Amino acid sequence: MGGPSVQLYSVRDAFAADPDETLRRLAAIGFSRVEPYGVVENVEALRAGLAAHGLSAPTAHAALVGKDLDSVFGAARELGIGVVIEPLVPASQWGSSADIADTASALNAAAEVAAGYGVRVGYHNHWWELESRIDGRSALEVFADRLSPEVVLEVDAYWATAGGEDAPALLRRLGERVCAIHVKDGSLAVDASGQVPAGQGRVPIRSVLDAVPEALRVVEFDQHEDVFGVLLRVSPISLGWGRDCRGRGCRGGVHQ
């Protein structure tokens, strides 16, 4: 059974300085999966480091809207990434149905290109997609209704809660669309300050995990003064968060 992943943005300064050593340290802690960012920019470091340290990358973050999709998906295929996730569409694009439809159309089109590389497309939320309401529903759910079946979601539980949503209820409504979740906790400050290990903040982590038992768990800290120390204390072995993300195309090295 597979274990949780960790978003490399959590250790971005260390990764920028020495990617191989960063990946070695994560593997030594007990992680067998990572979620890279900047797939094209970091392809060489990831190609060498993932193989050297026995790591896989079932998901990754990379800008997709308005980008060179062939370069992104080509790098993803080379690295064995199953799902490439658009990490952010600005808050200004979530205030109207028309803007939301434009974003959905862009990702649907990206998914068609991705399919040619054996890769899928996903989207990762911040707080504004939940804070924005369209006819009484969150903008994220309106967006999900407009996505092709092939496009999946990575729901960030911290940002969803910060946006005013009941994250477990949101996850249950989104159902099979959810491929992965960002497991993150803290004070719910939108400047990402005050983030703490899962279960020590205001996010109902256990209920979040129970809501989507098959979704890939991705540990993330946007900010923390001692990320490696925290990750060592909440290693995959101690967490027991083994999930294979069955049926959602999120398994590392498997393109569905």
Side-chain angles (χ1 to χ4, degrees), residues 5 7 35-37 39-40 57-77 79-91 93-94 96-130 132 134 137-157 159-160 163 165 167 170-182 211-212 214-218 243-256:
S5 182
Q7 167 55 249
E35 183 174 74
Y37 61 90
V39 171
V40 174
T59 59
H61 282 198
L64 297 175
V65 178
K67 301 299 181 181
D68 179 352
L69 298 177
D70 290 303
S71 294
V72 174
F73 298 135
R77 179 172 62 185
L79 296 171
I81 293 165
V83 181
V84 178
I85 298 165
E86 171 65 67
L88 181 152
V89 170
Q93 298 301 112
W94 296 92
S96 73
S97 294
D99 285 340
I100 292 168
D102 286 346
T103 298
S105 294
L107 290 186
N108 290 341
E112 294 182 8
V113 179
Y117 291 86
V119 176
R120 297 184 73 184
V121 163
Y123 182 75
H124 163 271
N125 65 282
H126 286 76
W127 73 89
W128 50 78
E129 300 95 334
L130 290 310
S132 177
I134 306 293
R137 301 176 71 215
S138 73
L140 184 67
E141 291 175 272
V142 173
F143 171 68
D145 287 347
R146 287 160 171 74
L147 293 174
S148 299
E150 295 77 20
V151 181
V152 295
L153 296 174
E154 178 178 63
V155 175
D156 189 307
W159 290 132
E165 275 290 340
L170 172 70
L171 289 164
R172 287 191 292 269
R173 291 196 301 272
L174 292 172
E176 293 268 323
R177 181 76 73 174
V178 180
C179 166
I181 54 173
H182 270 188
V212 281
E214 301 301 331
L216 177 68
R217 284 85 160 97
V218 183
R243 293 293 185 272
D244 278 328
C245 199
R246 291 185 289 273
R248 293 177 175 82
C250 288
R251 287 172 286 183
V254 179
H255 302 140
Q256 301 183 32

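Here the structure is a predicted model, which means the values were calculated and not measured.
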* Val84 and Ala62: which non-hydrogen atoms are nearest, and at how many Å? -> CG1-CB, 3.8 Å
* To do: Find the distance between CD (Glu129) and OG1 (Thr103) and round it off to the nearest 0.5 Å.
  => 9.5 Å
* Identify, with sequence neighbours excluded, every residue that meets side-chain hydrogen bond (donor to acceptor under 3.5 Å, both in side chains) alongside Asn125. => none
* Asked: Is the closest side-chain heavy-atom distance between Val89 and Trp94 below 4.5 Å?
  -> yes
* **Val151 to Gly122 - nearest heavy-atom pair and separation** => CG1-CA, 4.4 Å
* **Heavy-atom donor-acceptor pair, Arg177 side chain to Ala144 backbone, under 3.5 Å** => yes
* Is there a side-chain contact between Gln93 and Asp102 (heavy atoms, below 4.5 Å)? -> no
* Say you draw a straight line from CG of Leu107 to CZ of Arg146; how long is it, rounded to the nearest 0.5 Å? -> 14.0 Å
* Asked: Which heavy atom of Val218 sits nearest a heavy atom of Glu35, and at what distance?
  -> CG1-OE1, 3.6 Å
* Asked: Below 4.5 Å, heavy atoms only, C-beta onward: do Asp145 and Arg137 meet side chain to side chain?
  -> yes
* Asked: For Arg173, what residues pass the side-chain hydrogen bond (donor to acceptor under 3.5 Å, both in side chains) criterion, not counting sequence neighbours?
  -> Glu141, Glu165
* Asked: What are the two closest heavy atoms between Asp70 and Tyr117, and how far apart are they?
  -> OD1-OH, 2.7 Å
* Closest heavy-atom contact between Val155 and Ala160? -> CG1-CB, 4.5 Å
* **Check against side chain to side chain contact (heavy atoms under 4.5 Å, CB included), Phe73 and Val39** => CA-CA 9 Å; Phe73 298 135; Val39 171; over 6 Å; no
* **Reported NE2-to-CZ distance for the pair His182 and Arg217, which is rounded to 0.5 angstrom** => 13.0 Å
* Structure fact -> Nearest heavy-atom approach of Ile134 to Ser97 is CG2-OG, 3.3 Å
* Asked: Can you tell me how far the CG atom of Leu140 sits from the CH2 atom of Trp159, to the nearest 0.5 Å?
  -> 15.0 Å
* **From CG (Leu174) to CD1 (Ile181), nearest 0.5 Å** => 12.0 Å
* Asked: Would you call the rings of Tyr123 and Phe143 parallel, tilted or perpendicular, where under 30° means parallel and over 60° means perpendicular?
  -> perpendicular
* Asked: Is any side-chain heavy atom of Leu147 less than 4.5 Å from a side-chain heavy atom of Leu153?
  -> yes
* Decide whether His124 and Asp156 meet the rule of one side-chain donor and one side-chain acceptor closer than 3.5 Å. => yes
* Structure fact -> The side-chain hydrogen bond (donor to acceptor under 3.5 Å, both in side chains) partners of Ser96 (sequence neighbours excluded) come to Asp99
